[in-house]
Structure formats: structure tokens, C-alpha cells
Amino acid sequence: MLKFHNTLSGQLEEFQPLNGNEVRLYVCGPTVWSYAHIGNFRTFTFGDILRRYLKFKGYRLTHVFNLTDVDDRIINEAAKAEKSIDEFTAPFIDAFWEDSDALGIERPEIAPRATHHIPEMIRIIETLLENGHAYESEGSIYYRISAFPEYGKLSKINFAGNISGASGRVDTDKYDKENAQDFALWKFAGADEATGWDASFGRGRPGWHIECSAMAMKYLGETFDIHAGGIDLKFPHHENEIAQSEGASGKIFAKYWLHSEHLKVEGETMSKSLGNYFTFRDLLAKGYTPTAIRYLLLSVPYHKQLNFTFETLDGAEHTLERLRDFRKRLNEAKLSCGDNQDLQKIAKKSLSDFEAAMDDNLNSSVALAALHNLVREVNTSLANDTVLTANRDFILQTIDKIDSVLGIFGEEKEEILDTEIESLIEERQEARRNRNFARSDEIRDLLSEKGIVLEDTKDGVRWKRK
RNA sequence: GGCGGCGUAGCCAAGUGGUAAGGCAGAGCUCUGCAAAAGCUUUAUUCAUCGGUUCAAUUCCGAUCGCCGCCUCCA
């Protein structure tokens, strides 16, 4: 039975879709004003695990993942670069999908962009103006918190206990708002401003939160199943999405709210000033592989902070090598016909352990442990020659099922060596048969320089790339 | 000032009122002509500290120390 920790209730809840076997999922995507960092990708990897696990459970999925391609930062940066918004964001959008694909993050069914949904946002704002949930002030449109008594139900923020502007970010004098907590739905844009859209209530640009309300409701309906995103979006972004959407529709916006915790780097907040800020691309440039990064990102349950360290990332590289070696070895092993019932049981248990772990609010740590236990057991059996042909098929199927969610094994590709290397390996085997170890060691060193590692096993020589 | 989370072996970590998953690193072993690689085994009398509740606490309660986050830029 699949259970999620629902931020809305603050409790672990059994997951029950609103409509039969169909799940409608919205995950907040990136603001495409620069390259996404590994913290961003922790959340997006979580979204991917959520998506894949829902499919694993047999649900039919509509997954919407937005790209925020308009906000003040983008407008300013684009202006600085003397580019249009589209020109400015295009390379970052391309880069984002490139990174995302490399990390094995499945493409969502729908990936809408804010700039393509301005009319939808305008319509919601019109509705909110009509029903008294919004008001105009100095050309901008604000949401009237006092018209939505449930405001705060997601983040559970006690506004009474707060010092106004405790974070130093609230500039209450800047806008003429009825209430300091009221937030902008539409920001006035004067005729001199390059970026603006015309609306019945005046020219301007959308506030940050309205895009998600508009795109979620357009593609998933006024009420849908799951809304997910990073913990920092809980307030104000998601709180405001709820206020806007429910204020306009009068219906519950999303049934389950899932939030992923942040990652830290070497125990500290990731920040540019600390010099521990890494984009996905930074890590690739350091020689790390996308799957190891993915492994690290999913090795800790999404709802707990993850401490990213390079020691762990090095470890993840090795762990993945072990997993891939395992699958390859199992595939290539010379087995006798038959079916070892003990091993079948072990494989079945691993799969059920995996599922039980994921059912428990996506506990990926325990899910990985189930996989590792299977690998260890089968390795032992391989060494004892107790793996039989039927076991291999079943174990490989089990691995495939688990990996349909984790996505860490990668494609099993037939690697081909060039003939020069192949003949060197053959020459070394010949030298070894003739006990010409000087020559065989020489060849081994030569191959090592070429990045080929040899493994002398009792079944012959195996090779792999470093 | 308000609110939330965390502190488990060298590192990353899961976890539960009944005595500590998993991965990496380390060590030992197997294999090997020797290596390497690979595989296996092993690694916390103990879960920040101090009290309390309990037959029993890492797990519940309280205090203390330390770390992280949110309180209208944020994944």
C-alpha cells in the first residue's frame, strides 16, 4: 500500500487517486535563467522517482512539469544581454533538458512554459478580481489574503507570531497593499518597459505564483492528485498557488503535497560565496558520471536533507561499477539448466522488500538496500555455481523492474574493442600460455595505459574500461 | 522573535519501545604465475550530552550543546 507524507495534513497518508487508475501530477520545474545546480536536480530526481514509481505501481500518469521562463530576474538579465526573453532563455532550456536527460530523468507528458500561458493566467486573475479575492493598487493586482481564510493551511505559518519582515526581504513600503502578506498576481508595467502583456486590468507581467496555478489547472483540471516541489517552495509559492487556485475555482487544488528537502554540500549550505556551489555540468567537468550523481541524489529519502560530499560521490561511482559488473557477469555466466528454488525466493523477497520500501513514502535508502542484498546473494551463488538458467532470467527481470524505478544501471551495451586491443589481449593470453610473463605483463601495462583493465578469472579473461 | 528538521561507525546513511539495514573507505580471505580486477567475510556492547518515564529507550518526554532550513529571491 503506497503511502506519502502529505504536507497538507502533516501525516503519512495512503495514496488514493481521485479518479480510478489515473494519477495527475504536477512538479514545479526550474527557472531557466542559468544552469541548474545539483540541489535543483535533487528535487527533479525526486520528481522522476515519484513518476517512475507511480508507473511501477500500474498507474496511468499525466505529469506536468513547468519551466518558469519569465520573472524579474530573467527580464533583467535578458535586458542586460540585450536579448528577448526567448533568446535569453533558449540556451538554458536546451541545457536543462540535456542535463535532465543525462541524469535519466524521464520527460514529463507536458512541460509547459509560463510565457505560453499568459492568457490562462489573465483569466484566473479576472476571476479573482470578480469574486473579490484580488484588488488593484497602483496598476498592479494583488491577492487579498483576508478573502481566503484558509491561507496558511499548507505551510502552517503563524503570521501573528512573526516579526514583520524578519527575513529582511519584505519591503512593506514599496507597494501599497492592504495587508503585508498580500502578494502580486500581476505587476504593473509602464509603457516604457519592454516586457509586458496587455490584460483587461492593464499592461503588466505575471507574478511568480500565478503561472503554476494556470498551467496546473489547464492540464490537470481544477483538482488533481499530487503537487510536488522543493521544500523552499512550500511558502510562499505553494501556499499562494493554493490561495489563487482555490480562490478562483472554489475547489480543492491538489490532494497530496510532497516536498523534497534540500541538499547540503560537505555539511554546509550550498552557496556561491562558500565556493561549494555546483551545477550538474561542474560535476561532469570534474569527471563524474551522470548515473553516479543520480545514485547519490536518490540514496537518501527525498524528505530528508542530503549531505553531498565528494567522498560519497566517489563511492557512488564504485557502487555503480559493482552493480553493472554484477549484471554483466550474470549475463555472461555459463550456467546449468534448471531452477534453484532458494534463489528464486531470494529474488522474490528482494522485489517485495523494494516495493515495501518505496511504498513507505518512497524510502529509496531501504529500496537500495534490497537491491544490494540481492546482488550479494547472487554473487555468492555465482561463486558456488548454484545459479541456474531459470534463476538468471528471473533475477535479470527483477533487476529490470527495480531499475525501471531507480534508473541507475543504464543501457546494457555490447562494447566493442578495436582489433588492435583485441589482438593484444589475445597475444597476452598466448604469452601466458607459454609462461612468457614478461611479455604478458608488458601487454597488461600497455592496455592499462589505453584505459583497459583486464580481469583474469577462472573462466578466462574479461576486460572493462577504466 | 515565530516555526520546522537533524545530530547513528573514518565518510554517506536507514531504522525501530525489546537490543543497530545498506553503500563507500579500511582489514582479512578467495581467485592469480605475480598482480590487478572481481567476489566473499569483517568493521558501532552502541545511536550528540545530561536527566526522566518504562520490565526494557537509539527510538517516548524534558533540558543542554551543535548543525540545517522556512518566516514573500530560492529546488
Side-chain angles (χ1 to χ4, degrees), chain A residues 10 27-31 36-47 71-73 155-172 180-184 207-209 228-237 239-240 259-264 266-270 295-296 299-301 303-323 325-326 329 353 357 360 363-373 375-376 379-380 382-384 432 435-437 440-441 444-445 448 453-458 461-464 466:
Chain A
V27 180
C28 282
T31 302
H37 59 65
I38 52 174
N40 296 318
F41 279 117
R42 197 226 176 163
T43 293
F44 304 144
T45 302
F46 148 64
D71 75 344
D72 288 357
R73 245 176 349 195
S155 55
K156 292 153 186 79
I157 285 177
N158 170 14
F159 293 100
N162 280 330
I163 292 173
S164 180
S167 69
R169 297 190 212 146
V170 188
D171 187 355
T172 44
Q181 290 146 26
D182 290 352
F183 58 92
W208 172 31
H209 320 294
I231 185 75
D232 51 318
L233 298 183
K234 185 166 73 171
F235 188 87
H237 185 54
E239 194 68 63
N240 291 354
H259 289 102
S260 60
E261 259 293 355
H262 279 182
L263 71 67
K264 300 186 278 183
E266 308 284 353
E268 294 190 282
T269 311
M270 182 167 69
Y295 183 93
L296 176 45
S299 68
V300 178
H303 56 95
K304 291 203 163 193
Q305 289 186 351
L306 178 158
N307 188 13
F308 179 100
T309 72
F310 283 97
E311 192 178 347
T312 314
L313 187 53
D314 289 332
E317 295 283 3
H318 193 192
T319 303
L320 285 173
E321 210 176 300
R322 170 181 152 86
L323 291 175
D325 277 358
F326 164 77
R329 195 179 319 115
D353 285 351
D360 181 19
N363 191 333
S364 44
S365 296
V366 175
L368 281 171
L371 173 64
H372 285 124
N373 287 334
V375 169
R376 195 186 54 247
N379 271 334
T380 303
L382 279 170
N384 299 336
R432 289 181 71 214
R435 304 190 67 76
N436 180 358
F437 297 122
S440 83
D441 289 353
R444 186 166 67 197
D445 292 344
S448 174
V453 184
L454 296 180
E455 243 179 76
D456 294 323
T457 75
K458 60 178 187 260
V461 65
R462 298 178 71 216
W463 61 272
K464 66 178 178 183
K466 268 187 202 167

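Scope of the values below: all heavy atoms of this structure, side chains included, with no hydrogens, waters or symmetry mates. Reminder, nothing fancy here: chain letters follow the sequence lines and each chain counts from 1.
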Contacts of [X] that satisfy side chain to side chain donor-acceptor pair (under 3.5 Å) - sequence neighbours left out:
{"X": "A:Asn307", "answer": "none"}
{"X": "A:Asn373", "answer": "A:Arg376"}
{"X": "A:Asp441", "answer": "A:Arg444"}
{"X": "A:Lys464", "answer": "A:Glu321, A:Asp325"}

Ignoring backbone atoms, establish whether A:Asn363 has a side-chain N or O less than 4.0 Å from OP1 or OP2 of B:A14.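 Indeed not, no polar side-chain atom of A:Asn363 lies that close.
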Distance test, side-chain N/O of A:Lys304 to OP1/OP2 of B:G15, below 4.0 Å: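 Yes, such a contact exists.
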Applying a 3.5 Å limit to both distances, which nucleotide forms a Watson-Crick or G-U wobble pair with B:U30?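 Result: B:A38.
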Who does B:U72 pair with, Watson-Crick or G-U, both distances under 3.5 Å?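 Pair assignment: B:U72 / none.
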Tell me: [atom1] of [X] to [atom2] of [N], nearest whole Å?
{"X": "A:Gln181", "N": "B:C70", "atom1": "CD", "atom2": "C1'", "value": "15 Å"}
{"X": "A:Asp360", "N": "B:G22", "atom1": "CG", "atom2": "P", "value": "18 Å"}
{"X": "A:Asn240", "N": "B:C71", "atom1": "CG", "atom2": "C1'", "value": "13 Å"}
{"X": "A:Leu263", "N": "B:A13", "atom1": "CG", "atom2": "P", "value": "10 Å"}

ring-ring contact (aromatic ring centres under 6.0 Å, His included) against [X], all qualifying residues, sequence neighbours excluded:
{"X": "A:Phe437", "value": "none"}
{"X": "A:His37", "value": "A:Tyr277"}
{"X": "A:His259", "value": "A:His238"}
{"X": "A:Phe235", "value": "A:Phe159"}

Summary of protein contacts for nucleotides 39-44 of chain B, nucleotide by nucleotide, where a base hit scores B, a sugar-phosphate-only hit scores S (4.0 Å, heavy atoms): SSS---
For A:Asp314, what residues pass the side chain to side chain contact (heavy atoms under 4.5 Å, CB included) criterion, not counting sequence neighbours?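 In terms of side chain to side chain contact (heavy atoms under 4.5 Å, CB included), with neighbours along the sequence ignored, A:Asp314 is linked to A:Tyr288.
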Sort me out a list of protein N/O and nucleotides 19-21 of chain B N/O pairs below 3.5 Å, or just none if empty.
none

Hey, can you tell me if A:His209 and A:His237 have their rings parallel, tilted or perpendicular (30° and 60° cut-offs)?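 Tilted.
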Might you list the N or O atoms of the protein lying below 3.5 Å from N or O atoms in nucleotides 26-32 of chain B, with each pair's distance?
none

Using a cut-off of 4.0 Å on non-hydrogen atoms, how would the nucleic acid contact of A:Pro301 be classed: base, sugar-phosphate, or nothing?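 Sugar-phosphate only.
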I want to check something: taking the side chain as every heavy atom from C-beta on, are A:Arg432 and A:Asp456 in contact at a cut-off of under 4.5 Å?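 Of all side-chain heavy-atom pairs linking A:Asp456 with A:Arg432, at least one is under 4.5 Å.
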